[in-house]
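Below is one structure, written out as structure tokens, with a few remarks after it.
Note that the structure is predicted; figures quoted are calculated from it, not measured. Per chain, numbering begins at 1; letters A, B, ... match sequence-line order. Because only heavy atoms are used, hydrogens play no part in the values below, and waters and symmetry mates are left out as well, while side chains stay in.
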Protein chains: 2
Amino acid sequence: MASRKNAELRKPEILKNFYETIVEQGIEGASIGRIAKRMNIHPSLIMHYFSTKENMIIELVDYIINKYWLLLKNIQVGHADPHARLHELMDVLWGDEWYRATDISADFSVIAISFHNSEVSKRLKHLYSGFKRYLSDEFKSFMDAGIISVQDPVHTAEIIMSMLEGYRHFNNFFVDNARAEQYRQDMKRSALTLLQHGLDDHA
Amino acid sequence: MASRKNAELRKPEILKNFYETIVEQGIEGASIGRIAKRMNIHPSLIMHYFSTKENMIIELVDYIINKYWLLLKNIQVGHADPHARLHELMDVLWGDEWYRATDISADFSVIAISFHNSEVSKRLKHLYSGFKRYLSDEFKSFMDAGIISVQDPVHTAEIIMSMLEGYRHFNNFFVDNARAEQYRQDMKRSALTLLQHGLDDHA
DNA sequence: GTCCTTATTAACTGAATGTTCAATTTAAAT
DNA sequence: ATTTAAATTGAACATTCAGTTAATAAGGAC
């Protein structure tokens, strides 16, 4: 019999294995039976804790999203000097810790699920809107300090988030490990260029 | 019995229904049985044409990717004048036809599959590299004409593609239909700003 | 050591999974 | 009208699916 653990330990352990199974086999390969086999426990034990697979998916999404919230809360960019603060923020956003916080393969699976699961969709929207609020607040303060020249902090946040997501996306397809660092720098500098030159009028 | 059609008609029809089932139920809900039911045909007929589900997935990916190739080949930006040509290209990339060419929900499913299916991954990489080549060739000609100021056309293509992908991604989460057009314009203008200001040195 | 909660397994279900192979229908060619 | 090839169905296959219910095992409180 598997070593006895309490719910507080076992549930996250199951979620972690669910997560890893999705990374390795996709959502279509992440059945309860396979997760149980990978953990050397009985499938019924998983049902005991989550009742339905739908529940387990929701809790998995919460588990992943929580990783992002922790990232956000731990940014706490140190510098008070706006210029240094701006650069530190950019370093964090395009940094390694941020990129590796979650497995991009699982991220895509979750996003794919969100298109036909409204609970998942709701949670993703909430996460994104929190991220957007955080960024736009920062950009607002940079505007006030006069070190970036953009017109609308919210629109700016959307643009930077889009670039960040595009970066995550393509890092898997372009790279050519030797080019990874180059690509990262290109994206980061492009973001800074945009922040400092604003949106010109190309009418 | 379902009306008799030949392979040339039936196979694409099956792929189309596979595609739509993925959009509605995700890859995990797109079983052969469900696809057959939706088409009012017998599941065996699907096996007859594709032999295995794995084959069917590969052919679906080819089917989707072909839509993108058609887009690329039909761009054929008309203007010879470089300045008009640049703007027309940007209009196409951020245009409605481009955005709606495939269902983003299916795109995400395919990308998610690519992480644990090397055949799918290979095909996506090939598509992206073709797109990158097309864009970098265009950017090279704009550089020669002196209407954009970037240093490397390939890096530039990667950046623009990342922005485009980020745009596709977030259009589903930000919008607020009233803002959709605004967001699109913001992204397009940002891309133009980058092309014209290049990557500044923020050392 | 007994009680009591809870973790874990055992045994099972009915439905759905992808797949196989033979039988049947259809339409075109001769 | 007969032949022929292809399209379509039918019935079965072992396996896996998520889920149910009851039994067992383990550990903490007293």
Candidate nucleotides D:dT9, C:dG18, D:dA18, ranked by approach to the side chain of B:Ile41 - the nearest:
D:dT9
A:Ser162 and B:Tyr183 side chains, donor-acceptor separation under 3.5 Å:
yes
On the 0 to 90° scale, with breaks at 30° and 60°, tag the B:Phe173-A:Phe115 ring pair as parallel, tilted or perpendicular.
tilted
Taking only side-chain N and O atoms of A:Tyr49, does any of them lie within less than 4.0 angstrom of OP1 or OP2 on C:dT8?
yes
Atom CD1 of A:Ile35 and atom P of D:dT16 are separated, to the nearest Å, by 15 Å
Nearest to the side chain of A:Leu45, heavy atoms from C-beta on, is which of C:dA7, D:dT8, D:dG19?
C:dA7
Nearest heavy-atom neighbours spanning A:His116 and B:Glu24:
CB-O, 3.3 Å
Taking the side chain as every heavy atom from C-beta outward, state whether A:His87 and A:Ile147 have any pair of such atoms under 4.5 Å apart.
no
Whether the side chain of B:Arg4 and the base of D:dA6 hold a donor-acceptor pair under 3.5 Å is what I'd like checked.
yes
A:Lys37 NZ to C:dT8 P, in whole Å, measures 19 Å
Gap between atoms CD and P, on A:Gln25 and D:dT16 respectively (whole Å):
13 Å
I need the NE2-P distance between A:His42 and D:dG19, as an integer number of Å.
16 Å
hbond_proxy A:Ser44 side chain to D:dG19 base (donor-acceptor, 3.5 Å cutoff):
no
For atom CD1 of A:Ile32 and atom P of D:dC17, their distance in whole Å
9 Å
Passing candidate, ring-ring contact (aromatic ring centres under 6.0 Å, His included) with A:His126, options A:Tyr68, A:Trp69, A:Phe131
A:Trp69
Is the shortest side-chain N/O distance from A:His48 to OP1 or OP2 of C:dA7 below 4.0 Å?
yes
May I have the distance from A:Asn6 (atom CG) to C:dT8 (atom P), rounded to whole angstrom?
9 Å
Here the distance between atom P of D:dA5 and atom NZ of B:Lys5, to the nearest Å, is 25 Å
Would you say B:Arg10 reaches D:dA6's phosphate, i.e. side-chain N/O to OP1/OP2 under 4.0 Å?
no
Would you kindly give the NZ-to-P distance between B:Lys11 and D:dT8, to the nearest whole Å?
13 Å
